[in-house]
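Notes to accompany the following structure.
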Amino acid sequence: MFFFSFLYKSFLEKNSLRKVASEDGFLVGASVSSIPFLEDEKYRKILKDEFNLLTIENDMKFAKIHPQRDSYNFVIPDLIVEFALENDMKVRGHTLVWHATLPDWLTYKNYSKEELTIILKNHIQEVVGHYRGKIYAWDVVNEAYNDDGTLRENIWLKTIGPAYIELAFKWAHEADPNALLFYNDYSNEGINPKSNAIFEMVKNFKNKGIPVNGVGFQMHSSITYSKNYEKIIENFKRYRNIGVDVQITEMDVKVQHSHAPYDRRLEQQADMYSKTLNVCLLSSNCSAFVTWGVVDKYSWIPGFTGQKDAPLLFDNQYRSKPSYDALYKELEENSN
Ligand code: XIL
């Protein structure tokens, strides 16, 4: 009897990415953009049906969540976090320290080292403290390195000095000791000067007892640039050897700038998504795979590149694309 009711239930429940991922405790996620989240019921339905992890695309960034020196705005991120928890999804917090999306009150004034240190500490502790127990992992510091492996010039480096990175991790840990703390960046998935510098920093943090748990690899990709999957595996492995988790945090795959027929481009896109997920599933320290958006029409890519594109898993009619099918198949075959 139990067996038949189980069969009947499985038959009724539509298969989904989250369902096949959850069977193995794997996290499959997407970033959430506030306008469709607030206005588009179909968008929200895809989120809760398909994913067991959400990242808030913009609304936790400094200028959004801390618009005035003495006021915070948690309204939209609170709604998204509540939605996620109600639907049994985890949330990645994005992001506490970045060079971009800073409020004018911060950039238009020259603060002293002491003042900016207090501002950053208060910001991190206020935001992480507000979500204590609700955010599964934070991107504590985002994009702090240049491609040549040097630290990026930004207000934090200029005023506080290179110690801003480790201080940020310490402050975040104090505010929520159970949240996993990540360093997140782009073009850091292979082996190159940038990824080497990030690895050395994280290794050094581990040795010094700075609370870092993982490294995020954004993976904004394009069918016109090939990936060296062997190198990604090698990179993920060196993190495993020092006890650090890795996650794919912002994947999308551009199809613009190609002369191939559209259907072929979508196949190439699917291939790139599934090979990247495959690397993650084969790496025992890779715990999540997140796409940067859900439905093509809401992707940041057209605004960012100035060109039309279709970088995500669902088309503008909310139909799943070959990339969706490829990820589903990959999850079904390779989760362990
Ligand atoms: C992007 C958002 O998707 C856009 O909507 C926004 O206008 C700019 O930021 N790396 C990151 C993300 O870590 O926060 C960025 O998100 C994309 C690149």
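As the structure lists them, so they are numbered: ligands from 1, and atoms in each ligand from 1. Bear in mind the structure is a predicted one, so any value in this text is a computation, not a measurement.
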Starting from atom 6 (C) of ligand 1, find the nearest protein heavy-atom neighbour and note its residue, name and distance. N58 OD1, 3.4 Å
Pi-cation contact, Y186 with K194 (under 6.0 Å, within 45°): yes
Are F236 and F217 close enough that their ring centers fall under 6.0 Å? yes
Please compare E143, K61, H220 and report which has the shortest non-hydrogen distance to atom 16 (O) of ligand 1. K61
F304 to ligand 1, any heavy atom closer than 4.0 Å: no
Side-chain H-bond candidate by donor/acceptor type, W300 with D252, under 3.5 Å: yes
Identity and separation of the nearest protein heavy atom to atom 11 (C) of ligand 1: E250 OE1, 3.0 Å
Should Y43 and I35 be counted in the same cluster of Ile, Leu, Val, Met, Phe, Trp and Tyr side chains packed under 4.5 Å apart? no
Residue-ligand contact Y186/ligand 1, heavy atom below 4.0 Å: no
Looking only at heavy atoms, is any part of D139 under 4.0 Å from ligand 1, and if so is it the side chain, the backbone, or both, or is it neither? neither
Tell me: protein heavy atom nearest atom 3 (O) of ligand 1, and distance? E57 OE2, 2.5 Å
Under 3.5 Å side-chain donor-acceptor pair for E57 and S33: no
